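Taking it in order: structure first as structure tokens, then the write-up.
Being a predicted model, the structure only gives us computed values, none of them experimental. FYI, side chains are in, hydrogens and waters are out, and symmetry mates aren't considered; it's all heavy atoms of this structure.
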Amino acid sequence: MSGYERYSKYLVRSVNHIFKHFLDDSSVEEVYETQSTDKDPHVAVEIDGTLSGEIMINLPKKTLDLITRKFIRSDDPRYIRKSYNDVAGELANLITGTFANQMQYANHEIKLNAPEFNDDPITMKALYENINLSFNSIYGGFDIDFYYKEN
């Protein structure tokens with residue numbers, strides 16, 4: 001199995017686990033059509049170790065809004081908007097933490113850095129392999145981009 005197939009399988013499994021067990025969404029599924037645009041909010045987690053690169057989660061505002069409502073259990077629009085950064089970061093921590101845990105079974109040890117909201121820690125993406133995944137859930141669609149290289 002190639003790195004692409006293995007890593008995309010682990011990412012899909014990580015998303016499924018978090019959405020099913022923490023966000024109560026058993027309908028989450030991988031889709032084959034992009035769900036976000038370049039203007040949508042995103043959160044990136046840089047990784048180091050036997051794999052290096054970043055995992056970027058692209059969340060359309062509608063999707064981020066609904067997930068934020070679920071996390072903070074509030075309907076106050078201003079409080080929801082103020083919480084986008086924290087909620088997107090926590091979602092990224094949950095997904096990438098689950099991914100990092102699974103990577104040990106592929107003999108990879110990786111360290112995760114703090115999530116960065118609407119910032120991109122890696123600017124030279126041409127130097128990395130790339131996996132693009134799209135998902136649909138009861139909260140709306142979102143995309144995950146994984147830029148990596150094996151060390």
> Could you go step by step and tell me if Asp145 and Asn58 meet the side chain to side chain donor-acceptor pair (under 3.5 Å) rule?
Replying inline: CA-CA 8 Å; Asp145 298 319; Asn58 305 291; 3.0 Å; yes
> Any ion pair linking Arg81 and Asp65 (charged N to carboxylate O, less than 4.0 Å)?
Replying inline: no
>> With rounding to the nearest 0.5 angstrom, report the OG to CZ distance, Ser83 to Arg78.
In response: 12.5 Å
> What's the verdict on side-chain contact (heavy atoms from CB on, under 4.5 Å) for Ile80 and Ile72, showing C-alpha distance, side-chain angles and the deciding distance?
Replying inline: CA-CA 8 Å; Ile80 288 170; Ile72 64 172; 3.9 Å; yes
>> Run the side chain to side chain donor-acceptor pair (under 3.5 Å) test against Asp119 and tell me which residues pass, sequence neighbours left out.
In response: none
> Which atoms form the tightest heavy-atom contact between Ala92 and Pro115, and what is the distance?
Replying inline: CB-CB, 4.4 Å
> So, for Leu112 and Ala100, which heavy atoms are closest and what is the spacing to 0.1 Å?
Replying inline: CD1-CB, 4.0 Å
>> To the closest 0.5 Å, what do you measure between OG1 (Thr96) and CD1 (Ile55)?
In response: 6.0 Å
> Are Phe19 and Met56 connected in a single hydrophobic cluster, I mean Ile/Leu/Val/Met/Phe/Trp/Tyr linked by side-chain heavy atoms less than 4.5 Å apart?
Replying inline: no
> About how many Å separate CZ of Phe71 and OH of Tyr84, when rounded to the nearest 0.5 Å?
Replying inline: 14.0 Å
>> Set out, in order, the CA-CA distance, both residues' side-chain angles and the distance that settles side-chain contact (heavy atoms from CB on, under 4.5 Å) for Val43 and Asn85, then state yes or no.
In response: CA-CA 8 Å; Val43 60; Asn85 185 345; over 6 Å; no
> Quick one: CG on Leu11 to CZ on Arg13, what's the gap to the nearest 0.5 Å?
Replying inline: 11.0 Å
>> Please enumerate all residues that pass side-chain contact (heavy atoms from CB on, under 4.5 Å) together with Ser26, with sequence neighbours excluded.
In response: none
> What residues, two or more places apart in sequence or in another chain, satisfy side chain to side chain donor-acceptor pair (under 3.5 Å) together with Glu150?
Replying inline: Tyr7
> Hey, are the side chains of Asn93 and Leu91 touching, using non-hydrogen atoms and a 4.5 Å cut-off?
Replying inline: no
>> To the closest 0.5 Å, what do you measure between CD1 (Ile95) and CZ (Phe99)?
In response: 11.5 Å
> So which heavy atom on Ser134 is nearest to which on Thr34, and how close?
Replying inline: OG-CA, 3.6 Å
> Of all residues at least two apart in sequence or in a different chain, which pass the side-chain contact (heavy atoms from CB on, under 4.5 Å) check with Ser27?
Replying inline: Asp25, Ile138
> Charged N to carboxylate O below 4.0 Å: is that the case for Asp40 and Lys61?
Replying inline: no
> Can you name the nearest heavy-atom pair linking Thr63 to Gly141, along with the distance?
Replying inline: OG1-O, 2.8 Å
> Would Val15 and Val31 show up in the same hydrophobic cluster when neighbours are defined by side-chain heavy atoms closer than 4.5 Å?
Replying inline: no
> What pairs meet the salt bridge (charged side-chain N to carboxylate O under 4.0 Å, His left out) rule with one or both residues in residues 82-109, with sequence neighbours excluded?
Replying inline: none
> When clusters are formed by joining ILVMFWY residues with side-chain heavy atoms under 4.5 Å apart, either directly or through shared neighbours, do Leu133 and Met103 land in the same one?
Replying inline: yes
>> When you measure from the side chain of Asp143 to the backbone of Ser36, do you find a donor-acceptor pair of N or O atoms at a distance under 3.5 Å?
In response: yes
>> side-chain contact (heavy atoms from CB on, under 4.5 Å), that's the test. Do Leu51 and Lys149 meet it? Break it down for me.
In response: CA-CA 6 Å; Leu51 270 182; Lys149 59 183 172 183; over 6 Å; no
> Ignoring hydrogens and geometry, is there a side-chain-to-backbone donor-acceptor pair from Tyr139 to Leu23 under 3.5 Å?
Replying inline: yes
>> For residues 43-56, which residue pairs pass the side chain to side chain donor-acceptor pair (under 3.5 Å) check, not counting sequence neighbours?
In response: Asp48-Asn113, Thr50-His108, Ser52-Asn151, Glu54-Lys125
>> Do Ser14 and Gln102 pair up side chain to side chain, a donor and an acceptor below 3.5 Å, judged on atom types alone?
In response: yes
> Under the side-chain contact (heavy atoms from CB on, under 4.5 Å) criterion, do Phe146 and Glu129 qualify, and how do the steps go?
Replying inline: CA-CA 8 Å; Phe146 180 30; Glu129 299 292 326; over 6 Å; no
> Taking C-beta and beyond as the side chain, do Glu29 and Asn16 meet within less than 4.5 Å on heavy atoms?
Replying inline: no
> To the nearest 0.5 Å, what is the distance between OG1 (Thr37) and NE2 (His42)?
Replying inline: 11.0 Å
> Out of curiosity, does Val28 fall in the hydrophobic cluster containing Ile131 (side-chain heavy atoms, cut-off under 4.5 Å, transitive links)?
Replying inline: yes
> How about Phe135 and Phe142: are their ring centroids closer than 6.0 Å?
Replying inline: yes
> Would you find a donor on one side and an acceptor on the other, under 3.5 Å apart, between the side chain of Thr68 and the backbone of Leu64?
Replying inline: yes
> Would Tyr148 and Leu127 show up in the same hydrophobic cluster when neighbours are defined by side-chain heavy atoms closer than 4.5 Å?
Replying inline: no
>> Taking OH in Tyr79 as the centre, count heavy atoms belonging to other residues, nucleotides or ligands within less than 6.0 Å. Is the count above 12?
In response: no
> Are more than 12 heavy atoms from other residues, nucleotides or ligands located less than 6.0 Å from atom CD of Gln104?
Replying inline: yes
